Amino acid sequence: MERRLEPELMDEPARSQAYARADFSEVNDRFVTEFLSRCPNASRVLDLGCGPADIPIRLARASGAVRVSAVDAAPAMIALARQAVAEAGLDDRIQIIEGRVPGLALAPKSFDAVISNSLVHHLPEPVVFWAEVARLAAPGAYVHVMDLVRPDSPERAAKIVEANAAKESPLLKEDFYNSLLAAFTLEEAAEQVAAAGLGGLWPIQMDDRHWLVSGRV
Ligand SMILES: C[S@@+](CC[C@H](N)C(=O)[O-])C[C@H]1O[C@@H](n2cnc3c(N)ncnc32)[C@H](O)[C@@H]1O
């Protein structure tokens with residue numbers, strides 16, 4: 001199936017709110033647990049495309065050593081993220097930054113770890129994402145990036161939505177379906193990582209709908 005792009009930024013208030021209300025606890029907890037099991041000593045962590053900041057909050061609660069710089073380009077998401085971080089009482093350890101990949105106003109090589117979940121499929125040209133990861137990760141930093149796998153057909157995408165989001169709102173299900181159609185195959189993700197010079201990293205399939213690139217640069 002050909003890739004079908006979806007809007008890059010999640011800046012419609014109704015859609016960003018539907019996303020923030022959805023239950024991603026299982027996937028996001030697994031993301032944090034996997035990351036900390038591989039990179040237990042991270043302190044300066046960058047999260048690209050943080051959305052409503054559910055992952056930074058879970059990460060900061062799970063590890064007292066972590067400080068997160070969490071970036072998103074959509075003002076509607078930034079507002080939700082700031083509210084969630086304040087409600088969690090984590091303003092001192094999670095900095096929410098409005099900014100767009102590529103070209104973030106952050107110092108090169110300044111992070112011990114770069115994490116991201118479900119940003120890559122939003123990008124028309126994902127090469128800019130991997131180049132930004134390579135620019136901002138310090139030597140020996142840990143990279144932990146997860147995204148969706150594009151299924152073989154629209155019918156398969158619809159089945160994945162029903163299997164994993166049956167109880168979510170119609171808006172969330174529509175966005176999930178469109179995200180699956182915009183996502184990359186494992187082979188495409190592997191080409192992107194290699195083209196960015198992140199040799200030694202490659203995507204592995206995690207479950208019916210996710211790939212993960214995880215390792216040191
Ligand atoms: C599907 S959400 C994922 C949010 C979060 N990482 C999570 O796992 O819940 C993708 C986010 O990436 C943001 N985004 C898309 N393109 C971006 C870019 N070029 N730079 C920064 N953020 C971007 C969107 O606004 C959206 O909030």
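Atoms within a ligand are numbered from 1 in the order they appear, just like the ligands themselves. In this text, all values refer to a predicted model and were calculated from it rather than measured experimentally.
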Just need the protein heavy atom nearest to [atom], so name the residue and atom and give the distance.
{"atom": "atom 2 (S) of ligand 1", "value": "Met10 SD, 3.5 Å"}
{"atom": "atom 19 (N) of ligand 1", "value": "Glu8 OE2, 2.7 Å"}
{"atom": "atom 8 (O) of ligand 1", "value": "Asn117 ND2, 2.8 Å"}
{"atom": "atom 17 (C) of ligand 1", "value": "Leu119 CD1, 3.4 Å"}
{"atom": "atom 20 (N) of ligand 1", "value": "Val101 N, 2.9 Å"}
{"atom": "atom 24 (C) of ligand 1", "value": "Asp72 OD1, 3.5 Å"}
{"atom": "atom 7 (C) of ligand 1", "value": "Tyr19 OH, 3.3 Å"}

Just do the side-chain contact (heavy atoms from CB on, under 4.5 Å) check on Tyr19 and Leu80 with the steps written out, would you? CA-CA 10 Å; Tyr19 191 87; Leu80 290 166; over 6 Å; no

Below 4.0 angstrom from a heavy atom of Ile55, which ligand 1 atoms are there? Numbered from 1 as shown, please.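 Atoms satisfying the 4.0 Å criterion: 8 (O).
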
Give the atoms of ligand 1, by number and element, whose distance to some non-hydrogen atom of Ala73 is under 4.0 Å.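 Near Ala73, the atoms of ligand 1 are 20 (N), 21 (C), 22 (N).
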
Nearest non-hydrogen contact with atom 5 (C) of ligand 1 belongs to which option: Ser118, Ala74, Gly49?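 Of the listed residues, Gly49 has the closest heavy atom.
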
Does a side chain donor of either Gln192 or Trp130 reach within less than 3.5 Å of an acceptor in the other side chain?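 There is such a pair between these side chains.
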
Please state which part of Arg100 comes within less than 4.0 Å of ligand 1, counting heavy atoms only: side chain, backbone, both or neither.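 The answer is both.
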
If the plane angle is over 60° it's perpendicular, under 30° parallel, otherwise tilted; pick one for His144 and Phe35.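 The rings of His144 and Phe35 sit tilted, inter-plane angle from 30° to 60°.
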
Quick one: does Ala53 get a heavy atom under 4.0 Å from ligand 1?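 So Ala53 does not count as touching ligand 1.
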
